[in-house]
Amino acid sequence: MIDRQDRLGRAFYARPTLSVARDLLGQRLVRRLDGQLVEGRIVEVEAYIGREDAASHAHGGLTERNAAMFGPPGHAYVYFIYGMHHCFNIVTEREGYPAAVLVRALEPLTGIQAMRERREGRPDRELTNGPAKLCYALDIGRELDGADLVEGSELWVERGERVDEERIMSGTRINVRGDKRALSAPWRFWIRDHPYVSK
DNA sequence: CTCTCGATGCGCT
DNA sequence: GCGCATCGAGAGA
């Protein structure tokens, strides 16, 4: 029963990254943990597109760390940052072209108790309202770097409620470095007024 | 509520 | 060695 019919397929991810990023809003990220499903609705994302994007980890070319970004679409790119956190991305476009969508925030849907246990002492509002926080809540670590979200059984995305076009906001990405173009590109997308969008 | 700052490991130059 | 696609504690308002 792991593979439900509404799982997003390869074709969803093999499209222009900005389209994938917008369309991921409202979809459900599903994690299998101890035989239980833990799910959250995607409410905030950021796009990282091509080697020309000075804010992208792929800017300097292919390395061991960013290899998943150069791989086929629909796979995870998980990286370790600031010496203590993980962040989760979904690879987009065609193999060989480095692009991905960083998932920045979720709204907890099911398995909330399991998330609370992994995020002990935090109020519910802070379970998954940040890219590293959601990785703690869903136990996403480097062992999932490169994992296939289309064929795999640990982590995938299912179709969720459609988000009204009017509720989709965009703006510049958070905490990125780079050139003027990277700093001004409106490649962050979120659901307007959603309580789980990061701060 | 907002702002500042330290933690902490590793990939890359 | 440097610098990071972050988080949480603590201080102040």
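Fair warning: this is a prediction, and the values are worked out from it, not measured in the lab. Here is the naming used below: chain letters follow the sequence lines, and residue numbers restart at 1 for every chain.
Annotation: of the two residues near DNA chain B, A:Lys199 and A:Gly83, the 5′-most nearest-nucleotide partner is A:Lys199.
Counting non-hydrogen atoms of other residues, nucleotides and ligands closer than 6.0 Å to CD of A:Glu166 gives a total of 12 or fewer. More than 12 heavy atoms of other residues, nucleotides or ligands shown are found within 6.0 angstrom of CG on A:Asp164.
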Protein-nucleotides 8-10 of chain C N/O pairs closer than 3.5 Å?
| from | atom 1 | to | atom 2 | distance (Å) |
| --- | --- | --- | --- | --- |
| C:dG8 | OP1 | A:Arg119 | NH1 | 2.8 |
| C:dG8 | OP1 | A:Arg119 | NH2 | 3.1 |
| C:dA9 | OP1 | A:Arg122 | NH1 | 3.4 |

Does the pair A:Arg22 and A:Glu165 meet the rule for a salt bridge (charged side-chain N to carboxylate O under 4.0 Å, His left out), with working shown?
CA-CA 9 Å; A:Arg22 294 168 84 85; A:Glu165 192 73 26; 3.0 Å; yes
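At whole-Å resolution of the value, CD1 in A:Ile140 and P in C:dA5 are 18 Å apart. Taking atom NE2 of A:His85 as the reference point, atom C1' of C:dC7 lies 4 Å away to the nearest angstrom. Atom P of nucleotide C:dA5 and atom CG of A:Leu183 are separated by 12 Å, given to the nearest angstrom. Between A:Tyr82 atom OH and C:dC7 atom P the separation is 9 Å, expressed in whole Å. When rounded to the nearest whole Å, the span between CD1 of A:Ile81 and P of C:dC2 equals 17 Å. Between the CE atom of A:Met84 and the P atom of C:dG3 there is a distance of 17 Å, given to the nearest Å. In this structure, CG of A:Leu102 is placed 11 Å from C1' of C:dT6, rounded to the nearest angstrom.
Protein chain A touches strand DNA chain B; the 5'-most and 3'-most nucleotides with an atom under 4.0 angstrom of its non-hydrogen atoms are B:dA7 to B:dC12.
Residue A:Phe80 is classed as a sugar-phosphate contact, given heavy-atom separations below 4.0 Å to backbone atoms only. Within 4.0 Å of A:Arg65, counting heavy atoms only, lie sugar-phosphate atoms of the nucleic acid but no base atom. Using a 4.0 Å heavy-atom criterion, one finds that A:Ala132 contacts the sugar-phosphate atoms exclusively.
Side-chain N or O atoms of A:Arg32 include one that pairs as donor or acceptor with a backbone N or O of A:Ser153 at under 3.5 Å. A:Arg167 places a side-chain N or O within donor-acceptor distance of the main-chain N or O of A:Arg192, the cut-off being under 3.5 Å.
When the side-chain nitrogen and oxygen atoms of A:His57 are compared with OP1 and OP2 of C:dA5, one or more of them lie within a distance under 4.0 Å. Residue A:Asn175 places at least one side-chain N or O closer than 4.0 Å to OP1 or OP2 of C:dT6.
When each of A:Glu39, A:Glu107, A:Glu161 is tested with A:Arg28 by the rule salt bridge (charged side-chain N to carboxylate O under 4.0 Å, His left out), just one qualifies, namely A:Glu39. Exactly one residue among A:Lys199, A:Arg119, A:Arg116 makes a salt bridge (charged side-chain N to carboxylate O under 4.0 Å, His left out) with A:Glu126. That residue is A:Lys199.
Cluster membership for A:Trp187 and A:Ile168, using ILVMFWY side-chain heavy atoms within less than 4.5 angstrom, is shared.
A salt bridge links A:Glu154 with A:Arg31: at least one charged nitrogen is closer than 4.0 Å to a carboxylate oxygen.
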Secondary structure of DNA chain C per the Watson-Crick/G-U criterion (both distances under 3.5 Å; [ ] crossing, | other strand, . unpaired) is ||||.|||||||.
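Counting all heavy atoms, side chain and backbone alike, A:Ala68 lies closest to A:Ala76 at CB-O, 3.6 Å.
Side-chain contact, A:His75 with A:Tyr13: no donor N or O sits under 3.5 Å from an acceptor N or O.
The side-chain tip of A:Arg41 does not point at the ring of A:Tyr196 from less than 6.0 angstrom away and within 45° of straight on.
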